[in-house]
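First up is the structure itself, then whatever we jot down about it.
Bear in mind the structure is a predicted one, so any value in this text is a computation, not a measurement.
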Amino acid sequence: QVQLVESGGGLVQAGDSLRLSCAASGRAFRSYTMGWFRQASGKERKFVAAISWNDRTYYEDAVKGRFTISRDNAKNTVYLQMNSLKPEDTAVYYCAADLTLTYKPSTYDYWGQGIQVTVSS
């Protein structure tokens, strides 16, 4: 069992930066692929970024070059550094964990509660 808690969201202006954190409980954190997803109001949840157990990273095209995912296995934490934020990045951001490497939300076993990121123009 893995429990995930996101932090670091908030209201920022376009062009600003934010760093989201996701703290995981439970053992074997280093074995999990960790993903970030986002869900804008009225829309489906979509893949943003993922980092595998061996630190391979994957990004949605819209965030490549602006967002960076990283993990600290000693702290059981995964991060999402978001730079050059745009109003279209506004969404609830979710952290997720799975033992397989996947982009599909439906295949992730564990989810955080989500955290709001709002980017004003």
Side-chain angles (χ1 to χ4, degrees):
Q1 192 77 6
V2 177
Q3 292 184 324
L4 304 172
V5 179
E6 301 98 337
S7 61
L11 171 63
V12 297
Q13 293 186 333
D16 286 350
S17 298
L18 272 179
R19 188 177 79 158
L20 302 183
S21 299
C22 173
S25 66
R27 297 179 293 178
F29 171 79
R30 63 180 67 245
S31 300
Y32 285 87
T33 290
M34 300 300 298
W36 285 99
F37 294 80
R38 63 186 178 184
Q39 188 167 15
S41 180
K43 298 189 177 181
E44 63 182 11
R45 193 170 300 185
K46 292 186 177 181
F47 171 78
V48 175
I51 185 166
S52 68
W53 66 271
N54 57 351
D55 289 341
R56 295 180 67 179
T57 57
Y58 305 86
Y59 298 95
E60 183 216 358
D61 287 346
V63 307
K64 284 180 181 177
R66 299 190 298 123
F67 290 12
T68 303
I69 189 171
S70 61
R71 65 191 300 161
D72 185 338
N73 290 333
K75 295 182 178 180
N76 278 17
T77 301
V78 62
Y79 305 98
L80 186 68
Q81 177 67 44
M82 306 186 293
N83 299 329
S84 302
L85 283 161
K86 304 176 181 181
E88 52 264 42
D89 294 318
T90 295
V92 177
Y93 283 71
Y94 296 89
C95 172
D98 195 76
L99 288 173
T100 61
L101 179 59
T102 174
Y103 306 142
K104 297 181 179 180
S106 61
T107 58
Y108 276 77
D109 287 333
Y110 303 104
W111 290 87
Q113 80 285 356
I115 193 162
Q116 180 70 45
V117 172
T118 303
V119 184
S120 64
S121 58

Notebook entry, point to check: Going through the checks in order, is the side chain to side chain contact (heavy atoms under 4.5 Å, CB included) test met by Val117 and Met82?
Noted result: CA-CA 10 Å; Val117 172; Met82 306 186 293; 4.0 Å; yes
Notebook entry, point to check: Between Val2 and Phe29, does a side chain to side chain contact (heavy atoms under 4.5 Å, CB included) hold up when you go through it step by step?
Noted result: CA-CA 8 Å; Val2 177; Phe29 171 79; 5.9 Å; no
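For the pair Thr90 (side chain) and Val119 (backbone), a donor-acceptor distance under 3.5 Å is present. No side-chain donor-acceptor contact under 3.5 Å links Gln81 to the backbone of Thr68. Side chain of Ser84 to backbone of Arg66: no donor-acceptor contact under 3.5 angstrom is found. Judged purely by atom type and a 3.5 angstrom limit, Thr102 has no side-chain atom pairing as donor or acceptor with the backbone of Thr100.
The two residues Gly112 and Glu6 have their closest heavy-atom pair at CA-OE2, 3.3 Å. The minimum heavy-atom distance between Thr77 and Ser21, with the atom names listed, is CG2-CB, 4.3 Å. Residues Ile51 and Ser70 approach most closely at CD1-CA, 3.9 Å, considering heavy atoms. When all heavy atoms are compared, the tightest approach of Ala91 to Ala40 is CB-N, 3.8 Å.
Look at Asp89 and Lys86 and you find no salt bridge, because none of the NZ, NE, NH1 or NH2 atoms lies under 4.0 Å from a carboxylate O.
Using cut-offs of 30° and 60° for the angle between ring planes, the Phe47 and Tyr103 rings count as tilted. Ring geometry for Tyr108 against Phe37 counts as perpendicular: the plane angle is over 60°, on a 0 to 90° scale with 30° as the lower cut.
Distance check, rounded to the nearest 0.5 Å: OG of Ser120 to CG of Asp16 gives 8.0 Å. For the atom pair CH2 of Trp36 and CD1 of Ile115, the computed distance is 7.5 Å after rounding to the nearest 0.5 Å. Interatomic distance, Leu18 CG to Leu11 CG, rounded to the nearest 0.5 Å: 9.0 Å. Summarising the geometry, atom CD belonging to Gln3 is positioned 12.5 Å from atom CG belonging to Asn76; distances are rounded to the nearest 0.5 Å. The distance from the CG atom of Asp109 to the CD atom of Gln1 is 9.5 Å, given to the nearest 0.5 Å. Between Leu101 atom CG and Trp53 atom CH2 the span is 11.5 Å, to the nearest 0.5 Å.
Annotation: cation-pi geometry not satisfied between Arg71 and Tyr32 (NZ/CZ under 6.0 angstrom from ring centroid, within 45° of ring axis).
Taking a 6.0 Å sphere around CD of Glu88, one finds it holds more than 12 heavy atoms contributed by other residues, nucleotides or ligands.
With hydrophobic clusters built from ILVMFWY side chains whose heavy atoms lie under 4.5 angstrom apart, Val12 shares a cluster with Leu80. Residues Val5 and Val78 do not share a hydrophobic cluster, clusters being chains of Ile/Leu/Val/Met/Phe/Trp/Tyr side chains in contact below 4.5 Å. Hydrophobic clustering, with ILVMFWY side chains joined whenever heavy atoms are under 4.5 angstrom apart, keeps Tyr93 apart from Tyr79. Note: the hydrophobic cluster containing Leu85 also contains Tyr59 (ILVMFWY, side chain heavy atoms under 4.5 Å, direct or indirect links). By the rule that hydrophobic residues join a cluster once side-chain heavy atoms approach within less than 4.5 Å of another member, Phe67 and Tyr58 end up as members of separate clusters.
Results of the side chain to side chain contact (heavy atoms under 4.5 Å, CB included) test with Tyr94 over Gln113, Gln39, Arg38 single out Gln39 as the only residue that passes.
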